[in-house]
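Position 1 is the first residue of the sequence, and the numbers go up from there. Because the structure is a prediction, the values reported are computed rather than measured.
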Amino acid sequence: MLRKLLFVPALFLLLVTVNCGRPSLRLVENPIIRDIGIPVQSVNWVRLHDGRDGAGKPAVYATMGQTADNLFVLRINPETGELKQYLSRVPESNYPTATLMSRSGKLYVGAAYAGHLLCYDPANDTFEALGAINPGKASFPCAIEEDAEGRLWIGSYGTADLTSYEPRTGVFTRYGRMDEVDMYNYPMVNSDGTICNRIMMTQPHLVVLDPKTGEKKTVGPVATKGKESFDLVRGADNTVYIRSSMGNFRIQGFTAVPVEKIPEKPAASPTASYRSTFTDADQQLYRKLSVKKPDGSTQTFTLDYKAAGTEIFVLHTGPDGCLYGSSILPLHLFRYDPRSGSLADMGKCSAASGEAYSMANFRGSIYISSYPGAMVSVYDPKKPYHYGKGPADNPRELGRIDDISYRPRSTVTGPLGRVWLASLPDYGRWGGPLSWYEPSTGEKHAYYRIFGDGSCYTLAPLEKLGLMAVGTTIQAGSGTTPKVKQAQLFLWDYKAEKKVWEGAPDRPVNTFNALLAGPDGRLYGTITGGGNPELFVFDPLSRTFTDRKPLPEGGPLDNGLQVGPDGFLYGFTSSCFYRIDMQTLEIRKIVHKENEFNIPGPIIGKDVYYARNHVLRAMKVFR
């Protein structure tokens, strides 16, 4: 092995230099884990509902999700702002992804990813679990509709299934899959009592079900995601229509009747009722509720509800030596300063509302790549914080990197003075691109279908060779089934704009989920799929995979490799923080704790940082 390593004199000198620096930092035996704090405490999937309380008086209801605890309902007095909070007790009921204020005055909530139906009953002042919508099938309720008899119709993600619930008897009736390929179902009740199921994501189309006979049938045109548009709308005649780029159709039973225009519902006229909005919704805060009262006056209330915390999705060292990170749903940028110990939720940093998937530094700024839409924003830590789209804003929104990328799994900077992204594609689509943004010109470019129906996933610049190492995955957009059987590593000549090599180790690989150019000139990475996860070593000069080693227990975390200040490599699995000796490839476990590590973080000074769900944590690993 050592003979393979020392293939050039310069590399030998580099290794000697690295090795000579190692004694200055020594590992701490049994590092102690400490909590830094909870960076972000916000909510998601927020919806407002007009209703009545148990005494029949007007009330505003808010459904709110959170990642660190279960979802909850707020009952708000529109005159005083007084509120009461009701927390779901169903495990893993974090997100109110489908809601309905029924004609009965009961508020129904479909909870993800528990796949349960919940109900707030104002008459009894209770928030109860009614049961699993379709056990083992429905994990993410997409939509809830009410028919003329008061039955609920629930479409869900997982198997595009349809379920009805009868409130009078408490009985669920499961109708099963509405489509054998796609996974999302958004039902609408038609005026004739049939159920119109909008099926998403790869081929949006309509499946009509007759509840009386159980017959179901695809009706109308079938779209392809990314080529044609397709939607269901309810017309002024209370009938369901297809609105699409392939034509408009009125749905009558199992027939799609072409129509030139859809009878639009007239705009709602002002009524003597309470109308409420969150004035800070654009900042994803949801604390300021503005209520317009029947007399025309408006009052804003500050809602002092309890939020447990928002899960952390990515961690990154900024050019100022501070630790930056993103929360997930909603996306807030936060900062921790190791020198002062201050932890701050800085707020909105992107037009995306999900989470930042990856970050990279370039010329003193942080480029933030976020979901959905692979939105890119840039933040200069030296300047005041004010998010916007203008040239003076900071962070400044730069928009989508291209029109297909959606989940930007990796962001790197440097080659050709550009910011490079590797992304999974949009829902229902295949072929995640390699893309770039050039700060000096504002130009953007994407290399579409560079790995066919698979996706680019991880990046590592090899600038001395004029190459970019690109790790791929068999995954495509959400709601799809992979069409690629084997992930590949390829080398991209970014000046010539072409692949110069492509290959994979002699084993099945689903994803190259971490890549790192080591100081010894070799490429290191972790791979998953088709067996136990492994660490691999790749020689970019000979273009061969030279070594593979089993990883410690727990799955390897995405982008979980880094070079430590002592010249060793360090990595994370979900249960272990470990060190790699580049000369011997010996792997040493530093901290082992089952399922402790969710998000890998950087080594700053003598500490390594990481996230455990919504909590930022650190360990002193050097002395």
Taking atom types as modelled, is there a side-chain donor on D182 or T202 under 3.5 Å from an acceptor on the other?
-> yes
T544 and D539: side chain donor to acceptor below 3.5 Å | no
Between D345 and G347, is there a donor-acceptor pair closer than 3.5 Å when you use the side chain of the first and the backbone of the second?
-> yes
With no hydrogens and no angle check, is any side-chain donor or acceptor of T317 less than 3.5 Å from a backbone partner on L323?
-> no
Go through T413 and N361 one step at a time and tell me if the side chain to side chain contact (heavy atoms under 4.5 Å, CB included) criterion holds.
-> CA-CA 7 Å; T413 59; N361 300 334; 5.5 Å; no
Within the distance-only criterion (no hydrogens, no angle test), does the side chain of W430 pair as donor or acceptor with the backbone N or O of T481 below 3.5 angstrom?
-> yes
Please check if the side chain of S410 supplies one atom and the backbone of L459 the other of a donor-acceptor pair under 3.5 Å.
-> yes
Is T511 reaching over with its side chain to a backbone N or O of T473, donor-acceptor style, under 3.5 angstrom?
-> no
Can you name the nearest heavy-atom pair linking I33 to K593, along with the distance?
-> CD1-CD, 4.2 Å
Trace of the side chain to side chain contact (heavy atoms under 4.5 Å, CB included) decision for V378 with L398 | CA-CA 7 Å; V378 57; L398 302 174; 4.1 Å; yes
Indicate yes or no for a side-chain donor-acceptor contact from K348 to the backbone of D282 under 3.5 Å, with no hydrogens or angles considered.
-> yes
pair F334-I312: side-chain heavy atoms closer than 4.5 Å | yes
Between Y95 and F140, does the ring centroid distance fall short of 6.0 Å?
-> no
Do the ring planes of W501 and F545 sit parallel (below 30°), tilted (30 to 60°) or perpendicular (above 60°)?
-> tilted
Under the side chain to side chain contact (heavy atoms under 4.5 Å, CB included) criterion, do I450 and C456 qualify, and how do the steps go?
-> CA-CA 8 Å; I450 194 171; C456 298; 3.3 Å; yes
How close do G471 and L515 get, heavy atom to heavy atom, and via which atoms?
-> N-CD1, 3.4 Å
dist L616:CG -> R34:CZ (nearest 0.5 Å) comes out at 9.5 Å
Around atom CD of E594, are there more than 12 heavy atoms of other residues, nucleotides or ligands at under 6.0 Å?
-> no
Just wondering, are more than 12 heavy atoms of other shown residues or ligands nearer than 6.0 Å to CG in N595?
-> yes
Do you know the tightest heavy-atom contact between A517 and L462?
-> CB-CD2, 3.9 Å
In this structure, CZ of R588 is separated from CD1 of I580 (nearest 0.5 Å) by 13.5 Å
Indicate yes or no for a side-chain donor-acceptor contact from E311 to the backbone of I328 under 3.5 Å, with no hydrogens or angles considered.
-> no
State, to 0.1 Å, how close S455 and S423 come at their nearest heavy-atom pair, and which atoms those are.
-> CB-O, 3.9 Å
May I ask you to check whether D558 and Y457 show a side-chain donor-acceptor distance below 3.5 Å?
-> yes
Between D402 and S435, do the side chains contain an N or O donor and an N or O acceptor separated by less than 3.5 Å?
-> yes
Got a sec: does the NE2 of H445 have more than 12 other heavy atoms crowding it under 6.0 Å?
-> yes
Which class fits the ring pair W436 and W420: parallel under 30°, tilted 30 to 60°, perpendicular over 60°?
-> tilted
Tell me whether the centres of the aromatic rings in W492 and Y447 are closer together than 6.0 Å.
-> yes
Any sub-3.5 Å donor-acceptor pair from T310's side-chain atoms to S42's backbone N or O?
-> yes
Could you tell me whether a side-chain N or O of H592 sits under 3.5 Å from a main-chain N or O of E553, the two making a donor and an acceptor?
-> no
Hey, can you tell me if Y184 and Y427 have their rings parallel, tilted or perpendicular (30° and 60° cut-offs)?
-> perpendicular
Per the ring pair (Phe, Tyr, Trp, His ring centres under 6.0 Å) rule, which among Y578, Y609, F577 passes with Y570?
-> F577
Does the side chain of Q583 come within less than 4.5 Å of D520's, by heavy atoms?
-> no
Spatial distance of atom CD (Q486) from atom CG (N510) [nearest 0.5 Å] | 8.0 Å
Rounded to the nearest 0.5 Å, what's the gap from OG1 on T480 to CE on M201? Could you check?
-> 11.0 Å
Answer whether the closest heavy-atom distance between the side chains of V563 and L516 falls below 4.5 Å.
-> yes
Under 3.5 Å side-chain donor-acceptor pair for Y448 and D403 | yes
Where do T573 and F597 land on the side chain to side chain contact (heavy atoms under 4.5 Å, CB included) test, with the steps shown first?
-> CA-CA 7 Å; T573 71; F597 308 105; 5.7 Å; no
Side-chain heavy-atom pair R617, D35 within 4.5 angstrom cut-off | yes
Would you mind reporting whether L315 and P600 have side-chain heavy atoms less than 4.5 Å apart?
-> no
Mind listing the closest non-hydrogen atom pair of P319 and P381 along with its distance?
-> CG-CG, 4.0 Å
Would you mind reporting whether F362 and P439 have side-chain heavy atoms less than 4.5 Å apart?
-> yes
Taking every non-hydrogen atom, the tightest pair across A487 and I474 | N-CG2, 3.7 Å
Quick one: are Q475 and P482 in side-chain contact, heavy atoms under 4.5 Å?
-> no
OG (S405) and CZ (R429) are apart, to the nearest 0.5 Å, by 10.0 Å
Answer yes or no: are there more than 12 heavy-atom neighbours, outside E92 itself, under 6.0 Å from its atom CD?
-> no
Within 6.0 angstrom of K589 NZ, more than 12 heavy atoms from elsewhere | yes
More than 12 heavy atoms of other residues, nucleotides or ligands under 6.0 Å from NZ of K382: is that the case?
-> yes
Should the pair Y367 and Y437 be assigned to parallel (<30°), tilted (30 to 60°) or perpendicular (>60°) ring geometry?
-> tilted
Stepwise side-chain hydrogen bond (donor to acceptor under 3.5 Å, both in side chains) test for T526 and N513 | CA-CA 6 Å; T526 54; N513 78 321; 2.6 Å; yes
What's the spacing between N394 CG and S377 OG if we round to 0.5 Å?
-> 10.0 Å
Any sub-3.5 Å donor-acceptor pair from E397's side-chain atoms to A351's backbone N or O?
-> yes
Looking only at side chains, do R407 and S478 share a donor and an acceptor under 3.5 Å apart?
-> yes
Check whether more than 12 heavy atoms from other residues, nucleotides or ligands sit under 6.0 Å from atom CG of N532, and answer yes or no.
-> no
Check the side chains of Y524 and R522 for a donor-acceptor pair under 3.5 angstrom, ignoring hydrogens and angles.
-> yes
Is it true that the side chains of Y387 and Q283 contain a donor and an acceptor less than 3.5 Å apart?
-> no
Given side chains that start at C-beta, do those of T528 and P556 come closer than 4.5 Å, heavy atoms only?
-> yes
